[in-house]
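Notes to accompany the following structure.
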Amino acid sequence: MLRIMKYITRISVNKLGMQLIARCSTKVSQSTVIHQAQKKYNLCTFGQPTPITHPHLLKEGELVPGINLEEFRSRRNKLVQRILSHMHIGNKLNRTQIIIIPSASKVYMSEKIPYVFRQNTDFLYFTGCQEADCALIITISKENFTSTLFVQKKDEHSELWDGPRTGAEAAPSLFGVDQALPLSEFEKFFISLINENKSCVLWYDEKNPVQPELHKQLCQLGKICNVHAFVSPKAIFHEIRLIKSQAEIKLMQKSCDIASRAIVKTIEISKPGVDEHQLFANVDYECRMNGAEFLAYPPVVAGGKNANIIHYITNNQIVQDGDMVLMDAGCEYHGYSSDITRTWPVNGTFSPEQRVLYDIVLEVQKILIQRLKDMPTLDQLFHEMCILLGRRLQQINLIPNNFSEDKLLAAAYSYCPHHVSHYLGMDVHDTGKIPRSVKVKPGMIITVEPGIYVNQKNKFATSEFYGLGVRIEDDVLIRNEGPLILTRKCPKEIDDIEELAKSTRP
Ligand SMILES: [Mn+2]
């Protein structure tokens, strides 16, 4: 922050300040004028909120809400250390390492109508920069490294339409990088970098391009400069992102709190005859009203047998008296996602069959969460869910009793055809490069989401259960002292759920 302030002061006095001061009457003190200039200059200068322009969002020292500038520096340091240790293994330590991380670019819905912009999370994690069409290059030679941020040029016309850009001049102070250049200089920079480091290792994820123009350019430049292959750095990014910092855990907790409350409110307003679409609108409204930027994904709002469609997002049916609602919804709060599922009877009372299934799912979910203190892998957790679900389903005659373990697992899978857990963080399915076969560790956040869906086509099922679908999903922080349920403010006990669902009934 101090660096930003210094920068603004310098700019204000040199470029704007003189004019402004000259125009002001002598009655106003110079410091007031500079402060006004700072505010004015800042307001029209940076491409994202700062503590000066948005004190309700950012505290002094923060680059994005909840995260200090310093944390971004240490993330880049960590990245460099990981790349170097990788190179030790590959014995390529003497070669210059060049890491390229592009930002997302704007995506259009139709002519000139953009979708809501969402930053590439790998880029956001290492820069804190929220602007479209930028890129970070980190160059490591020997033990030293340089970070160069490419940003959009300041441009009066574009800024009139789309709002301010930070620009290359202000970017080093704002983002704490060593240097910044306009993106138009990328090609020149890249060519001279490659020419100076002929045997460099180029880290770039060419399999999942996030900025089409830059990707094309990189592929062409790669050919011109005789680059034989890019190495994907994504797995290394994700290894670092997998373990959350204290600041990230705080943001995740808040994201989970907002979504928990929104789902509680939505259970409360639901009643027979409600449209799934209205429940969607309500959860969206409650999340935004409490500070979330948007929902983290299109929510599943499934009344009755729609719950059998795992990714049901059409959400356009009326929920009938006697049906349950399965809602899978979460929000994104300052870049961090929550992911919750609750199932409730729309009329406030579970039928006997609904209650039996709900009980099983809840019991299994609680056992699985407790299991996390032993630090299992997510795949082990899934295997355990299948065994637990299978045995309980045998007890209520939804799976034959004489099944061997293999057959039991397969039968359980026919009732729950999805995995029980995924990593959670900036993305809903966070750190996708990390396999589910690694043991969980303190600082990781995962979901625990067993379910039972009784499809009419399921050959083991009996008709009184047809069409029922139950899932309960919580977000859990792994800690040495045992798992912490971040979504604990969203009730899941039968009595609590029934009470909430009854609450606004006439
Ligand atoms: Mn999930």
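Whatever order the structure lists ligands and atoms in, that order sets their numbers, starting from 1. Since this is a predicted model, take the numbers as computed values, not measurements. All values below come from the heavy atoms of this structure, side chains included, with hydrogens, waters and symmetry mates left out. Each residue takes its place number in the sequence, starting with 1.
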Could you tell me which non-hydrogen atom of Ala461 sits nearest to which non-hydrogen atom of Val454, and how far apart they are?
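Minimum heavy-atom separation between Ala461 and Val454: CB-CG1, 3.4 Å.
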
Which atom of Phe72 lies closest to which atom of Leu124, heavy atoms considered:
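Shortest heavy-atom separation between Phe72 and Leu124 comes out as CE2-O, 3.4 Å.
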
If you leave out waters, which protein N, O or S atoms are less than 2.8 Å from the Mn ion (ligand 1)?
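Near the Mn ion (ligand 1), the protein supplies Asp339 OD2, His422 NE2, Glu449 OE2, Glu473 OE2.
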
Let me see the working for Asp275 and Gln317 under side-chain hydrogen bond (donor to acceptor under 3.5 Å, both in side chains), right down to the final yes or no.
CA-CA 6 Å; Asp275 196 319; Gln317 194 48 273; over 6 Å; no

Member of Asp427, Asp430, Asp339 meeting the side-chain hydrogen bond (donor to acceptor under 3.5 Å, both in side chains) criterion with His422:
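Exactly one pass, corresponding to Asp339.
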
Please determine whether a side-chain nitrogen of the Lys or Arg among Arg75 and Glu248 lies less than 4.0 Å from a carboxylate oxygen of the Asp or Glu.
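Here Arg75 pairs with Glu248 in a salt bridge, since their nearest N and O are under 4.0 Å apart.
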
Using 4.0 Å as the upper bound for N to carboxylate O, is an ion pair formed by Lys106 and Asp162?
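Yes, Asp162 and Lys106 are salt-bridged.
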
